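Worth knowing before you read on, the calculation uses all heavy atoms, side chains too, and leaves out hydrogens, waters and symmetry mates. Below, read A as the first sequence line, B as the second, and so on, with proteins coming before strands; counting in each chain starts at 1. Bear in mind that the values here come from a model prediction, so they are computed numbers and not experimental data.
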Protein chains: 2
Amino acid sequence: MTKTLTTGAAALPLNTILAGDCIEEMRRLPEASIDLIFADPPYNLQLRGDLHRPDNSLVDAVNDAWDQFTGFEAYDAFTRAWLTEARRLLKPNGAIWVIGSYHNIFRLGAELQTQGFWILNDVVWRKSNPMPNFRGKRLTNAHETLIWASRAEGARYTFNYEALKSLNEGIQMRSDWVLPICTGHERLKGADGQKAHPTQKPEALLHRVLVGTTNPGDVVLDPFFGTGTTGAVAKMLGRDWIGIEREAAYREVAEARLDRVRRYDRDTLAVSASKRTEPRVPFGQLVERGLLRPGEMLRSMNGKIAKIRADGTLVADDVTGSIHQVGAHLEGAPSCNGWTYWSVRREGRDLPIDVLRQQIRAEMRDT
Amino acid sequence: MTKTLTTGAAALPLNTILAGDCIEEMRRLPEASIDLIFADPPYNLQLRGDLHRPDNSLVDAVNDAWDQFTGFEAYDAFTRAWLTEARRLLKPNGAIWVIGSYHNIFRLGAELQTQGFWILNDVVWRKSNPMPNFRGKRLTNAHETLIWASRAEGARYTFNYEALKSLNEGIQMRSDWVLPICTGHERLKGADGQKAHPTQKPEALLHRVLVGTTNPGDVVLDPFFGTGTTGAVAKMLGRDWIGIEREAAYREVAEARLDRVRRYDRDTLAVSASKRTEPRVPFGQLVERGLLRPGEMLRSMNGKIAKIRADGTLVADDVTGSIHQVGAHLEGAPSCNGWTYWSVRREGRDLPIDVLRQQIRAEMRDT
DNA sequence: AACGAAATTGAATCATTCG
DNA sequence: GCGAATGATTCAATTTCGT
């Protein structure tokens, strides 16, 4: 469903495919309006025979060193131009993903850094079914590289740590992702039965990217939309999307694809939340609400003892302070999470005080 | 053993460690004299504050002076300078490997291309046991990237396709390599018991690089020699090597290491291939299967001797026990990996018993 | 001595809120 | 804007400790 958001002066054409050159189309969009950009730029400019120098003269042969240098210069200029626009469009806490192979990923990564993007991870998409190297002259090219970067150092980028951990059977998600290439019924065909796009990315790849680094309702831009994998997965996941694509043939395939896609229901979209998103509960509230009594003793796993005072501070031996401060002092540690450090005696058992905090949070949700 | 080759006007100081700055030392070497360069330059990590594990222990960060640069401009200038010298030293059909992380690999790759090197593959070293992301703020940084490039487009680089295929159990070697990081017995320690170098690379990595892209007798240069992994593996594999290292402490460790290393014989080379998650093989099986005879002597790198008994235990001086226990006792160490500690005499050479274990595992796989 | 538990460690750009 | 306070967070392999 097409909708528009007004951000400052200009409107944001949500959930549409813009027809045109990505740099020109990006220039028309309002700055600081996009949460995430996913970009799969062309890497084979020098092989297409349509390479132009910055002055628009045509490059003929690309075999000698001089033309090679020109080839990189032209590619770098192109990269610099679209990344500059991309950066302008991103919200301050926005982020970008780019994907490429050894032909272009080093130019992309270097330019990202030079422009001030802050690389968060490089990620390797390890293909479980790559094309072999038929001539036996090199290693099988079995991976592509993605770069995940925030708009600037210090930005508060979105990272759904727990959701990705869940996707990985409870173990922290690593920087190497094993996923099959896009084949079978997922691979879009044109009217002639041939593949509609030469480098269609698998939905599983975008699924992991969008689940991990966006939230529902975020705006995702793909300036090299192709047949619309980014839009399709964004729609399924309840994210808004904008695509830019120059080739009419790709746009047609993408439009039809996106019409077919359905958004997941709300329960499906919910992901494992991080504890960081839970509301803060001051320890003093446990005393105020009578879950703990002043004068009662707390104890740690390793037998340390402290007494609760009426103002929610603790006393132990020679020290007074918050549950965190006293815990850290008793352990000789630089810091300590008092919520997980202390327990209280209840019905003959040690009950972690974090359980009491969860009770309060449950009450807060119900009201 | 040190030897020199005369190439044109200047001599090549084979199998020695040159003390000094890599750029200056490379300038003294004759052009077109090197077959392969392996370079592990500083990564320019740009670490900020301390990082603690969840148990409050402090992570031992790489904060050495040699990794400090004022910014990307300084790092790029450094990269440009040493790559220029590296390219001058390579024979026309020579090649280079560089290794890095997302902090520096994009600068390295872009500069390689700009100078006219021709990238053959990027290779991902997927670490089986990386350090986790303790704060849950990013993906686990579980890989490093290597770039393999010939001196120029069209060069006839060395690629031992069949050898790598053998290393990979008969399947074409891919661009992603799963190898453990360098720990345990292989990790070199200083006099203080601390790691001798913060970023020592595993020998298995260099083994694969050198088997795949050099021939016996080739000259391998490592301009960032560190504690000499490149030299050690080159020596084992019958390649000549040259190391350049600025820090005297690293050179000392490397010299001692290289004195200990022995060149493999051909049989050993064939077997000492891939290390992966392998089934446990009790030492006693080597005796049961006749790969070792009761009464035969084992010896360690530093000349300790022990006799094999029929039950798979060892006897040395005043002590009896497993290969691990006897090794630990002789070293006065609390523990010892007997598999890498002991060798047996075969055809006039010392053969690590780990090679025999690999033979058994190969048989287990085949049946 | 043997086994299992506990401790150690690795190229790391590793926080957010409140006053 | 800045300093202080709160509080969230780890995997695999090896080595050392304890029963």
Per-nucleotide pairing state of DNA chain D [Watson-Crick or G-U, under 3.5 Å; [ ] pseudoknot-crossing; | other strand]: .|||||....|||||||||
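Separating the P atom of C:dT13 from that of D:dA5 is a span of 29 Å, rounded to the nearest Å. Of the P atoms belonging to C:dA15 and D:dT10, the separation is 14 Å, rounded to the nearest Å. The C1' atoms of D:dT15 and C:dA11 are separated by 22 Å, rounded to the nearest whole Å. Rounded to whole Å, the separation between the P atoms of C:dT8 and D:dT9 comes to 24 Å.
Remark: B:K195 NZ is packed, more than 12 non-hydrogen atoms of other residues, nucleotides or ligands lying under 6.0 Å away. Shown here is B:R257, whose CZ atom has more than 12 heavy atoms of other residues, nucleotides or ligands within 6.0 Å.
Taking the syn range as angles within 90° of 0, the glycosidic angle of C:dT13 is syn.
Look at CD1 on B:I181: it is 10 Å from P on D:dA13, rounded to the nearest Å.
Side-chain contact of A:E111 with A:Q115: a donor-acceptor pair under 3.5 Å is present, judged by distance alone. If you check the side chains of B:H103 and B:S101, you find a donor sitting under 3.5 Å from an acceptor. A donor and an acceptor atom, one from each side chain of A:H143 and A:D176, are nowhere located under 3.5 Å apart. Checking A:T114 against B:R107 by side-chain atom types alone, a donor-acceptor pair falls below 3.5 Å.
Residue-to-nucleotide proximity on DNA chain C shows that, of B:C182 and A:I119, the 5′-proximal contact is made by B:C182.
Here B:W125 lies out of heavy-atom contact (under 4.0 Å) with every strand. Here B:P41 lies in heavy-atom contact (under 4.0 Å) with a base. Across all strands shown, B:D40 has heavy atoms under 4.0 Å from base atoms, whether or not it also approaches the sugar-phosphate. Looking at heavy-atom distances under 4.0 Å, B:S101 makes no contact with the nucleic acid at all. B:D67 comes within 4.0 angstrom of a base, heavy atoms only.
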Check step by step if side chain to side chain donor-acceptor pair (under 3.5 Å) holds for B:R138 and A:S175. CA-CA 9 Å; B:R138 301 183 181 189; A:S175 58; over 6 Å; no
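The ring pair (Phe, Tyr, Trp, His ring centres under 6.0 Å) test with B:W97 is passed by exactly one of B:F224, B:W148, B:F38: B:W148.
A salt bridge does not link A:E278 to A:R357: none of the charged nitrogens lies less than 4.0 Å from a carboxylate oxygen.
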Taking protein heavy atoms under 4.0 Å as touching, what does nucleotides 2-11 of chain D look like 5' to 3' if B marks base contact, S marks sugar-phosphate-only contact and - marks none? ----BBBBBB
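In this structure, A:Q113 CD and B:Y75 OH are separated by 10.0 Å, a value rounded to the nearest 0.5 Å. From A:L90, atom CG reaches atom CZ of A:R87 across 8.5 Å, with rounding to the nearest 0.5 Å.
Between B:W177 and B:H207, the gap from one ring centroid to the other reaches at least 6.0 Å.
Contact footprint of chain B on DNA chain C: nucleotides with an atom under 4.0 Å from a non-hydrogen protein atom, first to last in 5' to 3' order, C:dA2 to C:dT16.
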